[in-house]
Amino acid sequence: MHYSPCHETIYKAREAANHPDGHTTEELTRFADAMRSANLSLWNSVSAISQVMIQAKDNEEIWSEDTLHGIGEGMALFSDMAMGISTTLDRLTSEVARRQGVAR
C-alpha cells in the first residue's frame with residue numbers, strides 16, 4: 001500500500017541507483033530530479049508540522065506524552081526517509097556526473 005505518487009518513483013529511483021547500467025543518463029537525471037522533489041516535499045511536511053506545533057504551543061491539553069511520542073516517531077520516520085532519498089540522489093548524481101565526465 002502507498003499513499004502518494006512518490007512511492008513508486010522512490011523505489012524505481014533506488015533500483016536505478018543500484019543498477020545504473022540498465023538506464024540511460026536521461027533516465028538517471030529524471031530520477032535524480034524526482035528525488036530532489038521528494039526531498040523538498042518531505043521537508044515541506046516537516047515545516048507544516050512545525051507550524052502546527054508553534055500554533056498549538058499554548059494548548060496544554062494537546063501536549064500529552066502520547067502526542068509528543070507520536071510526533072517524535074513521525075520526525076524520526078521523516079529523517080530516515082530523507083536520508084534514504086538523499087543517498088539515492090547522491091548515487092544517481094554521481095553516476096550522471098561520471099557519465100558526463102564531470103569530477104564530483
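Because the structure is a prediction, the values reported are computed rather than measured.
Hydrophobic clustering (ILVMFWY, side-chain heavy atoms < 4.5 Å, transitive): M81 and I49 are in one cluster. When the side chains of ILVMFWY residues are joined at heavy-atom separations under 4.5 Å, either directly or via intervening members, L68 and F78 end up in a single hydrophobic cluster. Under the 4.5 Å side-chain contact rule for hydrophobic residues, M53 and L77 share a cluster. Note on L42: it does not cluster hydrophobically with V52, by side-chain heavy-atom contacts below 4.5 Å among ILVMFWY residues.
What you find for A56 and I62 is that their closest heavy atoms are CB-CD1, 4.1 Å. Between A32 and T93, the shortest heavy-atom distance links the atoms CB-OG1, 4.4 Å. R98 and E95 make their closest contact through NH2-OE2, 2.6 Å (heavy atoms, listed as atom of the first residue, atom of the second, distance). For R99 against T24, the heavy-atom pair with the smallest separation is NH1-C, 3.2 Å.
Evaluation of the side-chain hydrogen bond (donor to acceptor under 3.5 Å, both in side chains) rule for T87 yields no partner, not counting sequence neighbours.
In the model, T67 has a side-chain atom that pairs as donor or acceptor with a side-chain atom of S64 under 3.5 Å.
To the nearest 0.5 Å, atoms NE2 (H23) and NZ (K12) are separated by 10.0 Å. The CG atom of D58 sits 10.5 Å away from atom CH2 of W63, with the distance rounded to the nearest 0.5 Å. Here the CG-OG distance, from L89 to S37, works out to 11.5 Å after rounding to the nearest 0.5 Å. Here the OG atom belonging to S86 is positioned 13.0 Å from the CZ atom belonging to R91, to the nearest 0.5 angstrom.
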May I have the step-by-step check of side chain to side chain donor-acceptor pair (under 3.5 Å) for H69 and E73, ending in yes or no? CA-CA 6 Å; H69 182 76; E73 283 183 333; 3.0 Å; yes

With side-chain contact (heavy atoms from CB on, under 4.5 Å) as the criterion, how do N39 and R36 come out once you've worked through the C-alpha distance, each side chain's angles and the decisive distance to 0.1 Å? CA-CA 5 Å; N39 234 359; R36 283 185 197 92; 5.9 Å; no

Show the numbers, then the answer: is there a side-chain contact (heavy atoms from CB on, under 4.5 Å) between Y11 and T88? CA-CA 10 Å; Y11 288 103; T88 300; over 6 Å; no

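Between R14 and I85 there is no side-chain heavy-atom pair separated by less than 4.5 Å.
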